[in-house]
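A note on names: the letters A, B, ... follow the listed sequences, proteins ahead of strands, and every chain is numbered from 1.
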Number of protein chains: 2
Amino acid sequence: MALEHAILVSLLEKPGSGYELSRRFERSIGYFWTATHQQIYRVLKRMEQDGWIDVRDVPQQGRPDKKEYSVAAPGRAALSRWLHEPVEPESVRHDLAVKIRGAVFDDPAALIQEVERHRREHADRLAHYLAGERRDFTGPAAGAPLDAGRELQHVVLRGGIAYERMTIAWLDDVLATLHRLRPAP
Amino acid sequence: MALEHAILVSLLEKPGSGYELSRRFERSIGYFWTATHQQIYRVLKRMEQDGWIDVRDVPQQGRPDKKEYSVAAPGRAALSRWLHEPVEPESVRHDLAVKIRGAVFDDPAALIQEVERHRREHADRLAHYLAGERRDFTGPAAGAPLDAGRELQHVVLRGGIAYERMTIAWLDDVLATLHRLRPAP
DNA sequence: CTTGTCTATGCAACGAGTTGCATAGCAGGA
DNA sequence: TCCTGCTATGCAACTCGTTGCATAGACAAG
């Protein structure tokens with residue numbers, strides 16, 4: 001289980017509420033780890049009970065009050081332990097690949113629109129990542145040595161960019177294959 | 001849920017037992033969808049109760065008897081329905097990316113061995129995919145038009161190959177970044 | 001003043017996935 | 001003969017993840 005650890009990393013980068021965390025899981029952290037607000041609130045409660053994180057009630061104006069969480073010493077120790085443990089390389093789950101292999105038992109051409117939809121989605125994500133890279137990792141300080149944290153955030157973002165580029169190229173390959181199959185059923 | 005549909009595709013490609021399916025989920029199908037034998041037996045039972053698949057007891061010599069499953073008409077219809085429904089683009093879960101972003105709160109250099117281990121694992125997978133491609137998609141018939149099923153299997157395999165190549169290149173990028181951070185803590 | 005939207009937190013029920021354990025036939029080697 | 005390993009199937013308990021629902025304060029638009 002790494003959701004706890006993803007939350008620890010995010011809270012170490014910047015303390016925040018469950019709501020704020022769930023926003024982050026729609027952006028930056030969410031590029032490589034997804035979670036709904038339900039999961040987050042439940043895990044935050046458990047982490048608080050285990051003493052991994054501290055809570056602080058923060059009254060706000062113009063919006064409901066919030067609980068701001070920050071990492072306590074035991075949480076930091078838990079993260080450290082996990083960082084020194086090996087993790088298994090990810091296991092993949094691609095609905096679309098199942099569909100592509102299943103298409104031969106139905107109508108391959110019917111998949112074309114679906115694949116095009118996925119291609120658009122991945123192109124959007126790529127544009128989004130590239131905009132983030134321009135915003136956060138170029139500019140006046142470009143070329144100058146970044147601090148370690150930013151270097152590591154950047155290399156993760158480069159991974160997301162590489163993933164989207166690869167996926168788009170593959171979906172083009174899939175589309176070409178589906179079109180090639182169409183004339184001769 | 002697509003495990004049922006992945007099983008339907010696999011059984012349409014070739015009928016087999018739960019045990020055989022669990023082997024396939026360690027190879028071909030497993031390249032883009034993982035499942036343990038527990039999940040498979042449980043889902044097979046449900047699919048049989050729903051009339052999606054038929055069972056046949058097959059006595060064997062030199063090994064225990066088995067139950068061979070094959071797809072029934074309602075199962076085929078269910079697959080067809082699913083193929084015409086949209087699915088969401090996959091959501092990613094990369095423990096390693098969490099670790100990389102968390103490394104700055106511990107010791108970045110300690111991650112180098114872990115990243116190298118992942119790199120070896122992905123290099124092995126790539127070699128395995130390439131061997132499968134040579135075995136199944138080249139040879140005397142190379143260049144000749146393949147049937148649609150094999151074309152689609154091939155394009156999915158090409159996706160796996162592209163994924164592993166991209167991942168290996170990214171892990172090299174990660175390693176270079178970690179080494180660059182080492183001299184100046 | 002009602003309706004919609006955004007912030008903010010949470011419960012309950014369910015379904016999916018993991019882990020540990022159990023059984024059993026058959027084969028080959030120490 | 002016993003032990004290991006492969007084929008083959010399955011239960012029980014647990015954790016993780018998803019979905020639907022509920023509440024509530026504040027603001028803006030109509």
Side-chain angles (χ1 to χ4, degrees), chain A residues 1-7 10-11 15-27 29-30 32-50 53 55-69 82 85 87-95 98, chain B residues 1-7 11 15-27 29-30 32-50 53 55-69 82 87-95 98:
Chain A
M1 230 287 278
L3 177 54
E4 283 137 315
H5 304 105
I7 288 175
S10 193
L11 288 180
S17 67
Y19 189 79
E20 283 161 355
L21 281 169
S22 76
R23 310 318 306 271
R24 294 184 208 170
F25 276 85
E26 288 169 6
R27 312 180 281 97
I29 297 278
F32 49 89
W33 203 274
T34 57
T36 62
H37 78 274
Q38 296 300 346
Q39 276 176 274
I40 291 165
Y41 283 121
R42 200 189 314 162
V43 171
L44 279 175
K45 179 164 286 184
R46 189 175 64 223
M47 291 169 78
E48 195 206 327
Q49 283 167 1
D50 293 347
I53 53 178
V55 210
R56 195 169 64 90
D57 270 38
V58 178
Q60 296 190 116
Q61 301 162 347
R63 58 179 61 179
D65 299 350
K66 68 175 181 179
K67 299 182 183 176
E68 193 182 79
Y69 292 93
W82 178 71
E85 270 169 21
V87 291
E88 285 312 300
E90 354 65 67
S91 45
V92 197
R93 243 83 199 288
H94 282 259
D95 293 76
V98 179
Chain B
M1 228 287 276
L3 177 55
E4 283 136 315
H5 304 104
I7 288 175
L11 289 179
S17 68
Y19 188 79
E20 282 161 357
L21 281 169
S22 76
R23 310 319 304 273
R24 293 185 208 170
F25 276 85
E26 289 169 6
R27 312 180 282 100
I29 296 279
F32 49 89
W33 202 274
T34 57
T36 63
H37 78 273
Q38 295 299 346
Q39 276 176 276
I40 291 166
Y41 283 120
R42 200 189 314 161
V43 171
L44 280 174
K45 180 165 285 184
R46 189 173 66 223
M47 291 169 78
E48 195 206 326
Q49 282 167 2
D50 294 347
I53 52 178
V55 210
R56 195 170 64 91
D57 269 37
V58 178
Q60 297 189 115
Q61 300 163 347
R63 58 178 63 179
D65 299 350
K66 67 175 181 178
K67 299 182 183 177
E68 193 182 78
Y69 293 92
W82 179 71
V87 291
E88 286 312 299
E90 354 63 68
S91 45
V92 197
R93 242 90 198 285
H94 283 258
D95 292 77
V98 178

Using a cut-off of strictly less than 4.0 Å, decide whether A:Tyr41 has a side-chain nitrogen or oxygen near OP1 or OP2 of C:dT9.
yes

For B:Val43, enumerate each residue passing the side chain to side chain contact (heavy atoms under 4.5 Å, CB included) test, keeping only those at least two apart in sequence or located in another chain.
B:Leu3, B:Glu4, B:Ile7, B:Arg46, B:Met47

Please identify each residue that fulfils ring pair (Phe, Tyr, Trp, His ring centres under 6.0 Å) with B:Tyr19, with sequence neighbours left out.
none

Between the protein and nucleotides 19-24 of chain D, are there any N/O to N/O pairs under 3.5 Å, and if so, what are the atom names and distances?
unit_1	atom_1	unit_2	atom_2	d
D:dG20	O6	A:Gln38	NE2	2.8

So, using salt bridge (charged side-chain N to carboxylate O under 4.0 Å, His left out) as the criterion, who are the partners of B:Glu48 when residues are at least two apart?
none

So the salt bridge (charged side-chain N to carboxylate O under 4.0 Å, His left out) pairs with at least one residue in residues 17-26 of chain B (sequence neighbours excluded) are B:Glu20-B:Lys66, B:Arg23-B:Glu26

Check this one for me: any side-chain N or O of B:Ser17 less than 4.0 Å away from OP1 or OP2 of D:dT9?
yes

OP1 or OP2 of D:dT9 under 4.0 Å from side-chain N/O of B:Lys45:
no

Hey, could you give me each pair passing side chain to side chain donor-acceptor pair (under 3.5 Å) that has a residue in residues 32-42 of chain B? Not counting sequence neighbours.
A:Arg93-B:Thr34

Can you tell me how far apart OH (B:Tyr69) and CD1 (B:Ile53) are? Round to the nearest 0.5 Å.
6.0 Å

Separation of C:dG17 atom C1' from B:Phe25 atom CZ, nearest Å, is 14 Å

Taking only residues two or more places apart in sequence, or in another chain, which ones meet A:His94 in a ring pair (Phe, Tyr, Trp, His ring centres under 6.0 Å)?
none

Interatomic distance where NZ belongs to A:Lys66 and C1' belongs to C:dC6 [whole Å]:
15 Å

Does a nitrogen or oxygen in the side chain of B:Lys67 sit under 4.0 Å from OP1 or OP2 of D:dG10?
yes

Taken to the nearest whole Å, CG/A:Asp57 to P/C:dT7 is 20 Å

Atom pairs, protein N/O to nucleotides 27-30 of chain D N/O, distance under 3.5 Å:
none

Rounded to whole Å, please give me the gap between CZ in A:Arg23 and P in C:dT7.
5 Å

With rounding to the nearest 0.5 Å, note down the distance linking OG in A:Ser22 to CG in A:Leu44.
10.0 Å

So does A:Tyr19 get a side-chain nitrogen or oxygen closer than 4.0 Å to the phosphate oxygens (OP1/OP2) of C:dT7?
yes

A:Gln49 CD to C:dG10 P: how many Å, rounded?
11 Å

Residues two or more places apart in sequence or in another chain: which of them pass side chain to side chain contact (heavy atoms under 4.5 Å, CB included) with A:Pro89?
B:His118, B:Glu121, B:His122, B:Arg125

